[in-house]
Amino acid sequence: MRLSQAFQPTLKEVPAEAQIASHRLMLRAGLVRQSSSGIYTWLPAGLRVLRNIATIVRQEQDKIGGQEILMPTVQSAELWRRSGRYDAYGPEMLRIKDRQDRELLYGPTNEEMVTDLFGGTVKSYRELPKMLYHIQWKFRDEIRPRFGVMRGREFYMKDGYSFDLSYDEAVSSYYRIMLSYLKIFRRLGVQAVPMAADTGPIGGELSHEFLVLAPTGESEVFYDAGWDEIDWDNIGLDPQEEEDFQKLREIVKTTYSATDEKHDLSAWESVPEDRRRGGRGIEVGHIFYFGTKYTESMGVEVSGADGAPLHPHMGSYGIGVSRLVGAIIEASHDEAGIIWPEEVAPYRAALLNLRPGDELCDQLCETIYSRDPEGLLYDDRSDRAGVKFNDADLMGHPWQIIVGPRGAKAGMVELKHRASGERSELPLEEALAKLGLG
RNA sequence: CGGGCAGUAGCGCAGUCUGGUAGCGCAUCAGUCUGGGGGACUGGGGGUCGUGGGUUCGAAUCCCGCCUGCCCGACCA
């Protein structure tokens, strides 16, 4: 993309309403614009990030047998009356009426809908287990939206639902998904620790939330250093291997972690003092096992091996995709701007032409740009160098390819790594090879 | 929902107390110079002062209602 033509309005000054770093940076870098309280428009670069996160989530869910569907945002009140949650959910649910005066709602979650879908389709134990998920906009009429997309009212969420025949199988699904989640967060470049959690309005008995460690997080967290030390690359935890996620189950059982609400002082005391870690965290995921709560209340049964009907055991699993955009920035930024992890960055690199109009610079830049017009953001604006440096740092591309008249004569370009700040001057082809554009 | 604050140009703000020509910086447009960390100069454009009512000769300014947004608290992906 050529920046001169891009719809990416960067701001030098900070909009007054933004109080925390991620919100300020998202507005300043031109990722989102607020539409009304807790509701945002995603601009091209922000949308790219959102999609990149969704892609990673999708890939990892598919790996463990998840099947993607897409359920609607608007649901009928009737469906929620069947589970009893229409009255139980409270004012957080946005209730709507259509022209026939039928009661509808903007979905805050989809347990009812997916249970109904499943029940109408699956009739035999032979078809289980099943794991369905979708990535869809949700609306919860939050008491107090704040912190930009971190607590919006409208938000983009991956919610997945597992159906198993027995308690044991359902718990296996639960830990398989927990492991998959840890891999997802790792790929997203953030450290997330699972912590025992309340089940809330979803109901059920087994629940963990995932907290991304970031100094500006909303919850205080306490955990055993063991969570920092797991070597995810080499531990061989494969969500597809029964043995492996049972290993994870063991880790969860023996490695303390809790948010302030669930903090257990006596358990904490048993963690050696030099192993205790604390900090703040942002909740980016939440998983639940709730057994037959919905299959029973909504009358969903399948025939078992012996021909007798049985209620499948369910779990539901959420990842706040839009919230993650904010959470990643909270965990990864500096004074100058965002520092995107490689896999989520809107562009792999910014290409800075420090002297547009200079024949050599233009030529060199066009050569580079033609290698990957989709993945490069070419700053071809006629602004001064300082503006480009600052905007590139602000937008946080992992790499900056800097082309100026000094080096251009010698066929050299400068490569700057945003995260480390390291710069190196390299011959053109060598630089491109380093970025995989050779 | 309780408590606090704010709405004036695209953004950041002053002006409101003490009523009398709507301002500043940045951005933007035209031009000249400049050219490796938000440059300089010249000239220009852009406003229902959130909104409805009231007081007044006269309201951004005083009074009342409403709307919207932000912050603190309880809740959540």
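Within every chain, numbering begins at 1; the chains are lettered A, B, ... in the order of the sequence lines, protein sequences first and strands thereafter.
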Whole-Å distance, A:Lys12 NZ to B:U28 C1', equals 13 Å
Exactly one candidate in A:Arg381, A:Gln8, A:Arg28, A:Lys12 meets side chain to side chain donor-acceptor pair (under 3.5 Å) with A:Asp391; the answer is A:Arg381
A:Pro405 has its side chain closest, among B:G36, B:A77, B:C75, to B:G36
Using Watson-Crick geometry (N1-N3 plus N6-O4 or O6-N4) or G-U wobble (N1-O2, O6-N3), each under 3.5 Å, B:U56 is paired with none
Take atom P in B:G53 and the same atom in B:C13, then report the distance between them in whole Å. 30 Å
| field | Atom C1', compared across B:C17 and B:C63: separation rounded to whole Å | value | 15 Å
Notebook entry, point to check: Under the 5.5 Å and 30° test, is A:Phe389 stacked on the base of B:G38?
Noted result: no
Mark yes or no for a side-chain to base donor-acceptor pair under 3.5 Å between A:Gln34 and B:G69, with no hydrogen or angle criteria applied. no
### Query
Between B:C29 and B:G45, how far is it from one C1' atom to the other, in whole Å?
7 Å
* To do: Look at the side chain of A:Asp383 and the base of B:G38, then say whether one donor and one acceptor between them are separated by less than 3.5 Å.
  => no
Atom CD of A:Glu218 and atom C1' of B:C75 are separated, to the nearest Å, by 10 Å
Sorted by number, residues from residues 320-355 of chain A placing a heavy atom under 4.0 Å from RNA chain B are A:Gly320, A:Arg323, A:Leu354, A:Arg355
hbond_proxy A:Arg151 side chain to B:C75 base (donor-acceptor, 3.5 Å cutoff):
yes
Looking only at B:A77, B:A27, B:C72, the nucleotide nearest the A:Arg140 side chain is B:A77
For B:C70, does either OP1 or OP2 sit under 4.0 Å from a side-chain N or O belonging to A:Ser37?
yes
A:Asp98 meets the salt bridge (Lys or Arg N to Asp or Glu O under 4.0 Å) criterion, sequence neighbours left out, with A:Arg102
Residues passing the salt bridge (Lys or Arg N to Asp or Glu O under 4.0 Å) test with A:Asp62, sequence neighbours excluded, are none
Comparing A:Ala408 with A:Ala18, nearest RNA chain B nucleotide closer to 5' gives the residue A:Ala408
Relative to each other, are the rings of A:Phe290 and A:Tyr294 parallel, tilted or perpendicular (30° and 60° limits)? perpendicular
For A:Trp227, does the six-membered ring have the charged nitrogen or CZ of A:Arg277 within the cation-pi criterion, i.e. under 6.0 angstrom from the centroid and within 45° of the normal? no
Taking the P atom of each, how far is B:G39 from B:A27, in whole Å?
6 Å
query: Looking only at side-chain N and O atoms, does A:Arg144 come under 4.0 Å of OP1 or OP2 in B:C72?
result: yes
Ranking A:Pro356 and A:Glu261 by the position along RNA chain B of their nearest nucleotide, the one closer to 5' is A:Pro356
Contacts of A:Glu343 meeting salt bridge (Lys or Arg N to Asp or Glu O under 4.0 Å) (sequence neighbours excluded), chain-then-number -> A:Arg187
So the ring pair (Phe, Tyr, Trp, His ring centres under 6.0 Å) pairs with at least one residue in residues 50-77 of chain A (sequence neighbours excluded) are none
Contacts satisfying ring pair (Phe, Tyr, Trp, His ring centres under 6.0 Å) that involve residues 399-426 of chain A (not counting sequence neighbours) are A:Trp399-A:His417
Stepwise ring-ring contact (aromatic ring centres under 6.0 Å, His included) check, A:Tyr256 with A:His263 | CA-CA 10 Å; A:Tyr256 185 82; A:His263 193 39; 5.8 Å; yes
> Which part of the nucleic acid, if any, lies within contact of A:Gly285, taking any heavy atom under 4.0 Å across all strands shown: a base, the sugar-phosphate backbone alone, or nothing?
Replying inline: sugar-phosphate
Rounded to the nearest 0.5 angstrom, the OH-CZ distance for A:Tyr86 and A:Arg82 is 15.5 Å
Re B:C26: Watson-Crick or G-U wobble partner, both distances kept under 3.5 Å, found to be B:G10
Sorted by number, residues from residues 131-139 of chain A placing a heavy atom under 4.0 Å from RNA chain B are none
By ring-ring contact (aromatic ring centres under 6.0 Å, His included), A:His333 pairs with (sequence neighbours left out) none
Atom CG of A:Leu27 and atom C1' of B:C70 are separated, to the nearest Å, by 13 Å
Ordered by number, residues from residues 186-196 of chain A within less than 4.0 Å of RNA chain B (heavy atoms) are none
Among B:G36, B:U34, B:G38, the one nearest any side-chain atom of A:Ile402 is B:G36
### Query
Please walk me through it: do A:Trp80 and A:Tyr89 pass ring-ring contact (aromatic ring centres under 6.0 Å, His included)?
CA-CA 9 Å; A:Trp80 285 64; A:Tyr89 212 91; 5.6 Å; yes
Practice problem: Step through it carefully: locate the ring centre of A:Phe222, locate the ring centre of A:Trp268, and say whether they are under 6.0 Å apart. | Solution: yes
Checking B:G36, B:C75, B:G38 against the side chain of A:Arg406 (C-beta onward), the nearest is B:G36
Under a 3.5 Å limit on both distances, the Watson-Crick or wobble mate of B:U51 is B:G65
Applied to residues 174-197 of chain A, the ring pair (Phe, Tyr, Trp, His ring centres under 6.0 Å) test, sequence neighbours excluded, yields A:Tyr174-A:His208, A:Tyr181-A:Phe210, A:Phe185-A:Phe210
From the candidates B:A77, B:G35, B:A74, the one with an atom nearest any side-chain atom of A:Ile143 is B:A74
* To do: Under the ring-ring contact (aromatic ring centres under 6.0 Å, His included) rule, what do A:Tyr167 and A:Tyr289 come out as? Steps first, then yes or no, please.
  => CA-CA 9 Å; A:Tyr167 173 81; A:Tyr289 162 71; 5.5 Å; yes
Note to self: What's the gap between B:G2 and B:G65 when it is taken at their P atoms, as a whole Å value?
What the structure shows: 16 Å
Reading nucleotides 8-14 of chain B from 5' to 3' and marking B where a protein heavy atom lies under 4.0 Å of the base, S where only the sugar-phosphate is that close, and - otherwise, the string is ---BSS-
Separation of B:G36 atom P from A:Lys409 atom NZ, nearest Å, is 12 Å
ask   = Considering only the C1' atoms, how many Å lie between B:G50 and B:U68, rounded to the nearest integer?
value = 7 Å
Rounded to whole Å, the CE-C1' distance (A:Met93 to B:C76) equals 15 Å
Residues at least two apart in sequence or cross-chain that pass side chain to side chain contact (heavy atoms under 4.5 Å, CB included) with A:Thr367, listed by chain then number, are A:Leu428
A:Asn390 atom CG is separated from B:G35 atom P, nearest whole Å, by 19 Å
Below 4.0 angstrom from OP1 or OP2 of B:G38, is there any side-chain N or O of A:Arg28?
no
**Prompt:** When you measure from the centre of the six-membered ring of A:Tyr156, is the NZ or CZ of A:Arg323 under 6.0 Å away and within 45° of the axis?
**Reply:** no
Between CZ of A:Phe147 and P of B:G69 the distance, given in whole Å, is 17 Å
Atom CE of A:Met150 and atom C1' of B:C70 are separated, to the nearest Å, by 16 Å
